[in-house]
Amino acid sequence: MKTKTLFILAVLISLVSIPQAIAQANIYKHVDKDGNITFTNRRIPNAEKISIASYSRNPESNSIRLQSNGNAPRVKDATQKGRDTVRRQILQKELVAEEKNFTETRTNLDQFSSSPEASSFQEKIVQLKNKLFLHQRNITALKKELARL
């Protein structure tokens with residue numbers, strides 16, 4: 001009788017812990033040699049395992065839900081306009097910086113590509129193309145965000 005009770009208790013404990021084990025995902029952060037950061041749920045060599053707080057469905061402890069259901073504090077229109085102005089200035093500065101980085105990366109890529117030893121710089125050319133793509137993506141996102149303001 002005691003063995004049967006222990007067995008049932010063990011089964012119940014394992015059934016309770018299974019959803020927690022399934023829901024908990026490992027997140028890894030990887031920084032490559034160029035400083036690009038990648039977050040993934042797949043193990044990458046030299047990646048750092050990071051822990052994240054689980055999402056709470058409790059409205060009292062979840063600020064995102066508080067904002068979406070209208071319980072967030074209201075801000076005066078003048079205050080919000082001031083914040084929007086500052087935000088626009090920040091986004092415009094970021095856009096100028098990204099466009100400058102895009103131009104510099106494009107120049108470097110052109111120099112490496114037109115070099116007579118271009119075949120020996122193949123890895124560097126691929127890295128520059130990737131950086132160029134990221135700068136272009138950032139420029140597009142910044143322009144889109146500025147258009148929303």
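Only a predicted model underlies this, so the values are computations on that prediction, with no experimental measurement involved.
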Between the OG1 atom in T107 and the CG atom in L132, the distance rounded to the nearest 0.5 Å is 10.0 Å

So with a 6.0 Å cut-off around CG of D34, is the heavy-atom count from everything else above 12? yes

So do R83 and V75 actually touch side chain to side chain, heavy atoms under 4.5 Å?
yes

Is there a path of hydrophobic side-chain contacts, each under 4.5 Å between heavy atoms of I/L/V/M/F/W/Y residues, joining V126 to L134?
no

Taking every heavy atom of T105 against every heavy atom of L128, the minimum-distance pair comes out as CG2-O, 3.5 Å

For the hydrophobic clusters of this structure (ILVMFWY residues joined by side-chain heavy atoms under 4.5 Å, transitively), does one cluster hold both L95 and F133?
no

One should read off an interatomic distance between R137 CZ and L142 CG, to the nearest 0.5 angstrom, of 11.5 Å

Does any non-hydrogen side-chain atom of E94 lie less than 4.5 Å from one of L91? yes

Rounded to the nearest 0.5 angstrom, the CG-CG distance for N26 and N41 is 9.0 Å

Taken to the nearest 0.5 Å, the spacing of E99 CD from Q136 CD works out to 9.0 Å

Sorted by chain and residue number, the salt bridge (Lys or Arg N to Asp or Glu O under 4.0 Å) partners of E145 (sequence neighbours excluded) come out as R87, R148

Minimal heavy-atom distance between L149 and R88, with the atoms involved, is O-NH2, 2.8 Å

d(E48 CD, F39 CZ) to nearest 0.5 Å is 9.0 Å

In terms of heavy-atom contacts, F102 and I139 come closest through CB-CD1, 3.8 Å

Rounded to the nearest 0.5 angstrom, the CD1-CZ distance for I125 and F112 is 8.0 Å

Shortest non-hydrogen pair, I50 vs K29, comes out as CG2-CB, 4.1 Å

Exactly one candidate in E104, R106, E98 meets side-chain hydrogen bond (donor to acceptor under 3.5 Å, both in side chains) with H135; the answer is E98

